[in-house]
Amino acid sequence: MTQASSPSSTGRTLADLAAIDIDRLEKASAKKKDALRSIGISSVLDLLWCYPRRYIDRTRQADLRDLALGDEAVVLGVVTAVSSRRTRQGKAMVELTVNDGTGQMSVVFFNQAWRAKQLTVGTEALFFGTLKPYRGATQMSSPVVDVLVGMEGKIQGTQKTGRIIPVYPQSAKSGLSSFEIGTYVAEALRRAGALCDPLDEAMRDEFELLERTLAVRDIHAPETMDDITPARRRLAFDELFRLQLAVQLRRRVLERDAVSIRHEVDPDEVGSEGSLPTSLVGRFLAGLPFPLTAAQGRVLREIFVDMAGPLPMHRLLQGDVGSGKTVVALTAMLGAVQGGHQGALMAPTEVLAEQHLRSLRVLLEGLVLPDERRLGGERHVEIRLLTSSTSAPERRATLEGLATGEIDLVVGTHALLTDAVSFASLGLAVVDEQHRFGVEQRAQLRAKGRRDGEGGDPDLLVMTATPIPRSAAMVLFGDLEMSVLDELPPGRTPIETRWARSELEALSAFARVREEVAAGRQAYVVCPLVEGSDRVVASSAVEEARRLSEEELAGLRVGLLHGQMKAAEKDDVMTRFRAGELDVLVATTVIEVGVDVPNATVMLIEDAARFGIAQLHQLRGRVGRGSAKSFCFLLGDATSHEATTRLEALEASTDGFALAEVDLDLRGEGTIMGSRQKGRSDLALAKLSRDHELLALARELALKITDEDPDLTAHRELAEELRVTLDEEDAAFLFKG
Ligand code: ADP
Ligand code: MG
């Protein structure tokens with residue numbers, strides 16, 4: 001390959017490729033073009049970004065002749081016979097004979113009747129599975145299948161020329177074979193010619209990255225297996241780099257027109273016990289019934305350094321369930337209050353907002369601050385709740401108090417973002433939620449800090465209730481500084497978790513509930529996850545609570561909590577449970593976050609396989625809050641291999657960060673990133689659980705470029721790539737004006 005200093009700056013850009021409709025493909029029929037569109041491929045760029053799932057190295061491919069029983073093998077063969085029937089148990093069974101030119105085997109599928117239509121005689125496909133003996137023959141049962149050439153393709157020969165065959169993802173629904181996709185990709189590659197590379201040679205050398213045209217060619221049509229890794233590395237880098245670039249740009253935009261409030265906080269005050277505290281923060285910390293953990297102290301100092309600093313804080317606080325985030329958040333808010341500003345805490349649900357208010361009130365008890373209206377006088381810290389169920393008169397009073405500054409702290413839901421809410425001086429906004437706080441909402445919050453151009457931007461602290469692996473956090477929250485509470489307060493007893501797989505084990509789990517109740521403690525039972533509207537969820541919870549109190553929990557005092565109950569009803573149930581007037585709380589996932597009753601020592605989760613790892617971990621975190629030993633029982637069968645892995649992971653670990661890694665590995669990035677990342681900003685090749693090093697490089701380069709060129713004016717190709725790949729909301733935010 002020739003290596004000029006900037007060899008490809010003239011080639012086609014991603015925008016060029018995105019502008020070429022697949023209509024222009026000569027090798028694809030109109031029907032196939034529709035099929036491509038149905039799987040989201042409508043431009044040449046989409047096509048080139050449809051990467052092979054794996055490759056077959058024909059030189060090293062196993063022949064049936066050479067394989068032994070018990071071998072796990074990949075067999076490339078042609079279907080020579082197909083039959084369908086029902087087994088004696090009534091399962092649909094499809095049996096194939098597959099011949100690879102050196103021998104033959106039988107392949108069977110159960111309950112996959114559609115295989116008979118997919119794998120017709122003459123179909124060439126790959127079969128991944130274990131060879132087992134069956135009635136004197138060699139058999140693979142339910143192998144993984146990749147169809148290379150279907151009968152419909154009827155293309156002979158071409159597939160055999162290359163030594164390495166790319167296998168493309170395919171769905172039975174679209175009716176596109178791997179071979180067909182490969183053919184279209186080959187045409188696109190050939191006709192696209194050279195591609196523009198936004199990374200110049202110096203950057204590529206520094207990061208050991210392949211040139212783009214080469215990378216795209218080698219990922220689709222490698223000459224040797226060794227070509228694949230460098231190609232994948234380059235293209236995965238590009239994916240991560242674009243995301244990091246977007247994240248860093250977003251941060252520059254926020255910083256560009258930021259007006260910081262320099263809070264009157266002193267990081268050194270945290271952890272300096274002994275000296276007589278005079279500040280509000282100092283007195284609050286000195287009055288806590290417990291010393292801060294080392295992690296809490298460290299994180300608070302990080303927060304105070306930001307709050308006192310010249311730029312508004314954008315910080316993410318991560319901490320496992322029970323690690324003590326609330327105390328940290330409250331101390332930070334008091335840091336704002338002591339300088340005459342206000343603090344707001346926004347929670348995702350009403351239940352959680354109410355819970356937060358309650359815990360904050362307990363922590364604030366007895367704390368006073370100087371009353372400016374009465375010389376030498378003192379007053380309490382004023383805190384209020386604001387949600388959509390707040391009564392009209394209360395709401396009016398709260399809005400007024402916030403506007404005049406008489407109220408110091410407010411806890412609420414998204415209701416806090418509405419126009420009616422204005423602050424005298426919002427100094428710190430704490431957002432407690434699991435999902436990404438949208439760009440739009442951040443702007444809304446920021447606007448609350450400024451009035452008629454006066455005032456400054458509130459500092460922002462985002463708390464996540466679910467730990468996120470560091471790599472994923474760098475992508476999702478890369479524009480936030482990160483603080484981690486990696487230590488639990490002392491005196492907790494670990495939660496023993498057991499997956500009760502059988503009826504018998506489930507019975508003994510309920511027996512444990514009775515034992516704990518007999519010993520004066522309490523339990524939660526989480527209802528099975530049902531699909532449907534909130535009403536459906538609620539009515540099934542009502543039904544389950546009724547059933548349980550007649551059967552497994554007969555004779556116990558059983559309460560019910562679900563999302564459709566009125567605020568007062570919820571309040572009432574929670575108050576009675578906290579007071580010990582109820583033994584068991586049957587609930588939907590509304591208890592997932594925030595509920596804090598130290599006397600509850602058993603958590604029983606019905607049909608646990610339907611919940612995700614993070615959710616199970618959150619639910620489990622409702623127990624183990626006191627000094628008594630706690631138990632968590634996961635009930636029900638696993639419905640898939642993945643579910644088994646999830647439940648076993650929960651049995652094995654109570655470390656939220658370790659579980660988050662398992663989750664990332666199981667589910668991949670797509671689900672963690674949620675609906676926000678879609679289409680072209682997806683990570684197709686990069687894998688966050690594996691590509692740590694590449695992610696760090698991408699971040700480094702993104703920082704370097706945005707440091708020197710915060711608007712990307714000198715990097716027009718990069719700016720253009722972002723426009724092509726980002727979703728509209730992000731692109732509009734980054735490139736407005
Ligand atoms: P998180 O919000 O991180 O799940 P919380 O803030 O609700 O955790 O804290 C869980 C419990 O631990 C609360 O009852 C809280 O009062 C208590 N707690 C917090 N920090 C400490 C500490 N340093 N020492 C002892 N207990 C603590
Ligand atoms: Mg500041």
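- Minimum interatomic distance between Leu47 and Ala188 (heavy atoms only, all atoms of both residues): CD2-CB, 3.9 Å.
- Checked by atom type and distance alone, the side chain of Asp709 pairs as donor or acceptor with a backbone atom of Ala714 at under 3.5 Å.
- Side-chain atoms of Gln296 come within 3.5 Å of backbone atoms of Gly324 as a donor-acceptor pair (strictly under, hydrogens ignored).
- The list of salt bridge (Lys or Arg N to Asp or Glu O under 4.0 Å) pairs with a residue in residues 649-662, not counting sequence neighbours, reads Arg501-Glu651.
- Salt bridge annotation for Arg204-Glu211: absent, with no cationic side-chain nitrogen under 4.0 angstrom from a carboxylate oxygen.
- Looking at His220, its side chain does come within 3.5 Å of a backbone N or O of Leu48 through a donor-acceptor pair.
- Between the side chain of Asp227 and the main chain of Asp218, no donor-acceptor pair closer than 3.5 Å is present.
- Summarising the geometry of Gly624 relative to Ile495, their closest heavy-atom pair is CA-CG1, 4.0 Å, with the distance given to 0.1 Å.
- You'll find the side chain of Leu14 reaches within 4.5 Å of the side chain of Arg242, heavy atoms only.
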Q: Tell me, with the steps shown, if Asp306 and Asp459 meet side-chain contact (heavy atoms from CB on, under 4.5 Å).
A: CA-CA 8 Å; Asp306 280 4; Asp459 287 311; 5.8 Å; no

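- Remark: the backbone N or O of Phe179 is paired with a side-chain donor or acceptor of Thr183 at under 3.5 angstrom.
- The residues Asp691 and Arg232 are annotated as salt-bridged, a charged nitrogen and a carboxylate oxygen being separated by less than 4.0 angstrom.
- With sequence neighbours left out, Ala698 forms a side chain to side chain contact (heavy atoms under 4.5 Å, CB included) with Phe237, Leu240, Phe241, Gln244.
- Using a 4.0 Å cut-off between charged side-chain N and carboxylate O, Arg212 and Asp238 make a salt bridge.
- Within the 3.5 Å criterion, the main-chain N or O of Ala684 finds a donor-acceptor partner in the side chain of Glu239.
- Of all the heavy atoms in Ala18 and Val724, the pair that sits closest is CB-CG1, 4.1 Å.
- One finds a salt bridge joining Glu481 and Arg251 here, because a Lys/Arg side-chain nitrogen approaches an Asp/Glu carboxylate oxygen to under 4.0 Å.
- Here the closest non-hydrogen pair linking Arg233 and Phe207 is NH2-O, 2.6 Å.
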Q: Mind running side-chain contact (heavy atoms from CB on, under 4.5 Å) on Val462 and Arg315 for me, showing each step along the way?
A: CA-CA 6 Å; Val462 178; Arg315 188 171 280 278; over 6 Å; no

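- Salt-bridge annotation for Glu720 and Arg716: absent, with no side-chain N of the basic residue lying under 4.0 Å from a carboxylate O of the acidic one.
- Between the Ser42 side chain and the Arg37 main chain, no donor and acceptor come within less than 3.5 Å of each other.
- For the pair Leu616 and Ile613, the minimum side-chain heavy-atom distance is 4.5 Å or more.
- The main-chain N or O of Ser43 is found under 3.5 Å from a side-chain atom of Asp46 such that the two form a donor-acceptor pair.
- Residues Ala215 and Leu210 share a closest heavy-atom pair of CA-CD2, 3.8 Å.
- Side-chain atoms of Lys325 come within 3.5 Å of backbone N or O of Asp320 as a donor-acceptor pair.
- Residues Ile22 and Tyr184 form no side-chain contact, since every pair of their non-hydrogen atoms from C-beta on lies 4.5 Å or further apart.
- The shortest heavy-atom contact between Asp16 and Arg12 is OD2-CA, 3.4 Å.
- Salt bridge Glu708/Lys704: absent, no basic N to carboxylate O contact under 4.0 Å.
- Salt-bridge annotation for Asp665 and Arg690: absent, with no side-chain N of the basic residue lying under 4.0 Å from a carboxylate O of the acidic one.
- Between the side chain of Gln248 and the main chain of Ala702, no donor-acceptor pair closer than 3.5 Å is present.
- Of the candidates Leu701, Leu235, Leu199, Asp197, Leu209 forms a side-chain contact (heavy atoms from CB on, under 4.5 Å) with just one, namely Leu199.
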